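What follows is a single structure, written as structure tokens, with notes after it.
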Amino acid sequence: MFNITLPDGKKIPFDAPLPLGEVAGKISRDLGKKALAAKVDGQLRDLTSLIDHDAAVTFVTPDTPEGLDIMRHSGSHVLAEAILTLFPGTKFAYGPAVEDGFYYDVDAPNPITAEDLPKIEKAMQKIIKANRPFVRRELSRAEAKAKYAADEYKLDNIERAEGDIISFYEQGEFSDLCRGPHVPSAGKIGAVKVMSLAGAYWHGDATKKQLTRIYATSFPTQEELQAHLTKLEEAKRRDHRVIGKQMDLFSTEPDVGPGLILWHPNGAVIRHEVEAFWKEEHLKRGYQLLYTPHIASEEIYKRSGHLENYGDMMYNSMDIDGSPYRVKPMNCPGHILIYNANVHSYRELPFRWCELGTVYRYEPSGTLHGMLRVRGFTQDDSHIFCTPDQVEAEINGILDLMDHMMRTFGYTYKAFLATRPAKSIGTDAQWEMATNALEAVLKRRNMPYEVDNGGGVFYGPKIDIKLVDALGREWQGPTTQLDFNLPERFKVEYVGKDNERHKVVMLHRTVLGSMERFIGGLIEHFAGDFPLWLAPQQVRVLTVTDAAIDYGREIMAKLRELGLRCHLDDRGDKIGAKIREGELARVPVLLVIGEKEKEAGEAAVRRRLLGDLGSRKVAELLPELAAEIRERRLPPKPAGKTAEA
RNA sequence: GCCAACUUGGCUCAGUGGUAGAGCAGUGCUUUCGUAAAGCACAGGUCCCGGGUUCGAAUCCCGGAGUUGGCUCCA
């Protein structure tokens, strides 16, 4: 007889030993919800292990992140068993739970193809339905090695396992090396879906054998699984490559080269508006604009250390009058040389210098992705040169600017403070000063942040911002880094009060990242339904009959007067067809005009996401639209349900 | 870069060895219509590129390019 004490003090009595299923069943009944595993002294354990404990425990249920992980990891064992039934002789390398699901890396004697996935899913469902218990078995290291002498992956896993006892989990015939814990039985896994397959290397090492990775996911209920699949569909619908084609925003052309973006007029005008906003905000905040050349002598990259450390990312050198030149992979050296063109006093600092600087980097072909990962891109780069006691104020200013711009685009965000990595340059005092300055600003602003220990760059700590878009997805966003390296290498100095030369503190930062990646992300964030100020075509005037064409031209003239991007659709099509085309083109404002409106000096307003809003006096409507653009207001309705979350 | 799949008209796609198709878009004509597709006609293709097998290749084989999904990578 033993007791399990629940956190509320309630005791559940058991007669040990009991079959696991009964333990789980009893706990679940007493708890009123499904128990998957238990936490004893903060350690995750199988429910079976409780049999040896008379302790206060908390139960892990599938509505917690831990519970989901345990459920999904157990799912990977079921996936493995299903694969083994269908493909005897398959070896299993590694099968963890990951965000949104789980996978198993397998080495199958015959290739598994996409057509096999539904079969695997069916087999999994059968195993789950059979609801056999997961049973933990323990072997000594030597016994384990003997058992798996013919399986190089298991041997490797045993080699890597800690301690002398190696645990296995069995469900029926199938047994797999595993640390656990697991759900009590396969029936607790819920609704499963086999998603996809892909190649992956054993331990991510490209010199090792390529394995087949099968992705699957599971949710406690069919409804939750369905909601997840719906969200994936929604993400697919928003894919910037698809919308980019629909709206004729950009393209890549094989004859130009992979990863090189051609901005079509509709995409270019969005970029123009974003850049204009960016410049306006920078100039307001005391930044100054720079321009630097797209090629430079190799000397500058030798000096910066980039050629040595990141030469693989740079394009080959070209010979100009006998000297090697390179295409610019980053903007910093140019900005530093502008600084060093003169001797500067502490009285002049800080300098806030910025450039929409286009750079080219050799990204491996397999990593290119639409506008989000490209080989030529324009960074919204800035370098701030300041004294140590100006650092906090400058960081604060950067965060102000970042916050304002992200709000304007309707993003929420999370902050991460990345501290000193194992391999780094600079003194302890430098790192302490810099890290403290970053942290102090985050605290002063009451900005919630997480510490990414050791996540800084070798030359200094940084604050990374992750954007959360309308679908709740996270994107790499603004970043602010301190740099101890380049000021040393380039002797970037100012003359202090003491008439001595001191090294400047140099801050690198971007707010948008690159125009390509940011606008690619914006397309998905808004699902193509841009705010009025960004929409390629802002207003389309649709005539019901030819009798309204003259009136349409009058409205067009007034719209142009206000600087709106507009178009008159005066073709002989029916009004329904014109509206359909306007909606498909995602034009935010459609003005329908016929004889009625012409008489009254009105226009029937139809707004994207809101529909038909009825007739308005043109004289009132147009200034309102102009104001909406001037204030850079977000779309009338959030682009996604979770936008406010 | 690695593994796999894919590449047919501007777009989305059908076509598995017998000489290329649909819908949408485009052009012309007709229609003048009230909130998501009017009708008719016309035009449009080196079937990604190169090589091979075959009497014959969009289709089969080899090589290359590009794209996609992953892996690795993203200062």
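Lettering follows sequence order; numbering is per chain, from 1. Please read these numbers as outputs of a predicted model, since none were measured by experiment.
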| Donor-acceptor pair (no angle test) under 3.5 Å: A:Glu253 side chain, B:rG66 base | no
| message | Whole angstroms only, please: what is the CD-C1' distance between A:Glu581 and B:rC33? | response | 15 Å
| said: Any salt bridge linking A:Glu299 with A:Lys302? Criterion: basic side-chain nitrogen under 4.0 Å from a carboxylate oxygen. | reply: yes
| For B:rG69, does either OP1 or OP2 sit under 4.0 Å from a side-chain N or O belonging to A:Arg241? | yes
| Think A:Arg361 has a side-chain N or O under 4.0 angstrom from the OP1 or OP2 of B:rA75? | no
| query | When the distance from NZ of A:Lys574 to P of B:rA38 is rounded to whole Å, what number comes out? | reply | 5 Å
| task | For the residue pair A:Tyr310 and A:His306, categorise the inter-ring angle as parallel (less than 30°), tilted (30 to 60°) or perpendicular (more than 60°). | result | tilted
| If you pin A:Gly259 and A:Gly576 to their nearest nucleotides in RNA chain B, which one's is more 5'? | A:Gly576
| task | Please determine if a side-chain N or O atom of A:Lys245 lies less than 4.0 Å away from the OP1 or OP2 oxygen of B:rU12. | result | yes
| query | Just how far, in rounded Å, is P of B:rU31 from NZ of A:Lys578? | reply | 16 Å
| request: Check every strand shown and say whether A:Leu584 touches a base, only sugar-phosphate, or nothing at a heavy-atom separation below 4.0 Å. | output: base
| query | Is a donor-acceptor pair below 3.5 Å formed from side chain A:Arg213 to base B:rC3, judging by atom type as modelled? | reply | no
| task | Could you tell me whether A:Tyr103 and A:Tyr215 have their ring centroids closer than 6.0 angstrom? | result | yes
| task | Would you mind classifying the nucleic acid contact of A:Val457 as base, sugar-phosphate or nothing, using non-hydrogen atoms under 4.0 angstrom? | result | sugar-phosphate
| message | With a 4.0 Å cutoff (strictly under), does any side-chain N or O of A:Tyr215 reach OP1 or OP2 of B:rC71? | response | yes
| said: Under 4.0 Å, heavy atoms only, any strand: does A:Arg607 hit a base, just the sugar-phosphate, or nothing? | reply: nothing
| request: For the side chain of A:Arg606, starting at C-beta, report the closest nucleotide among B:rG1, B:rA36, B:rG26. | output: B:rA36
| said: Tell me the interatomic distance from A:Met506, atom CE, to B:rA75, atom C1', rounded to whole angstroms. | reply: 13 Å
| request: Grab the CE-C1' distance between A:Met313 and B:rG1 for me, whole Å please. | output: 12 Å
| said: If I take atom CG in residue A:Asp312 and atom C1' in nucleotide B:rA75, what distance separates them, rounded to the nearest angstrom? | reply: 12 Å
| said: Mind checking if A:His369 touches a base, just sugar-phosphate, or nothing, with heavy atoms under 4.0 Å? | reply: sugar-phosphate
| said: The side chain of A:Arg373 is closest to which nucleotide in this list: B:rC74, B:rG66, B:rG34? | reply: B:rC74
| Relative to each other, are the rings of A:His508 and A:Tyr459 parallel, tilted or perpendicular (30° and 60° limits)? | tilted
| said: For a quick test of reading the model: is some side-chain N or O of A:Ser365 closer than 4.0 Å to OP1 or OP2 of B:rG1? | reply: yes
| query | So, for A:Thr543 and A:Lys578, which heavy atoms are closest and what is the spacing to 0.1 Å? | reply | O-NZ, 2.8 Å
| note | Taken to the nearest whole Å, CD1/A:Ile579 to C1'/B:rU35 is 3 Å
